[in-house]
Amino acid sequence: MASKRQQKYWLMKTEPGVYSIDDLKRDGKTYWEGVRNYQARNMMRDEMQIGDGVLFYHSQVKPMGIYGLAEIASEGYPDPSAFDPEEKYYDPKSDPANPTWMVVDVAYVAHLDPPVTLDTLKTTPGLEKMMVIQRGSRLSIQPVTPEEWEIVLNLTKQVS
DNA sequence: GCCAACGTTGGC
DNA sequence: GCCAACGTTGGC
């Protein structure tokens, strides 16, 4: 067995009206259904590993920003919502024998209090390259560097 | 509510 | 395989 590789860090975006950090706290764990973007799919399928850190970002809310922490709780597996015609995320083109879309499990870790707002991210030295602050950045799953992770956590307190 | 960014679709 | 049209995301 290969030695455990370095922990990686991610930012995952949701609208609180769809799935919020409060929902995740209530559920403890969820699977990240509904991603229909190949770049994001590839990260879940190929790169995420159990124990990776997640910045839980909320869009479409005031103020926008990082509201909590989570962690990756499984490796990638086929997205069940793609196969269910009743599901909003149903994709008739995805063949269960050769699934197009993948999910990972995501487990609750903590709320951030206060949340780290988008405005703060934009004005904090060291975060200039973060994908989430770039204009037109629509990717719902983004890689975060260890340095960025460290800086973000130093901007707030964690509460469970 | 607007509209820029940008991924996807479909005609050719 | 190109690229214009279209739809969606998401900040403002």
Distance-only donor-acceptor check, side chains S94(A) and R36(A), under 3.5 Å: no
Pairs flagged by side chain to side chain donor-acceptor pair (under 3.5 Å) wherever residues 14-28 of chain A is involved - sequence neighbours left out: T14(A)-H58(A), Y19(A)-D27(A), S20(A)-D23(A), D22(A)-H111(A), D23(A)-R26(A)
B/S/- contact track for nucleotides 5-12 of chain C, protein heavy atom under 4.0 Å: --BBBBSS
Validation row: I151(A), M130(A) side chains within 4.5 angstrom (heavy atoms): no
V103(A) vs V35(A), side chain to side chain contact (heavy atoms under 4.5 Å, CB included): CA-CA, chis, key distance, verdict: CA-CA 8 Å; V103(A) 293; V35(A) 171; over 6 Å; no
Pairs touching residues 140-160 of chain A that satisfy ring-ring contact (aromatic ring centres under 6.0 Å, His included), sequence neighbours left out: Y9(A)-W149(A)
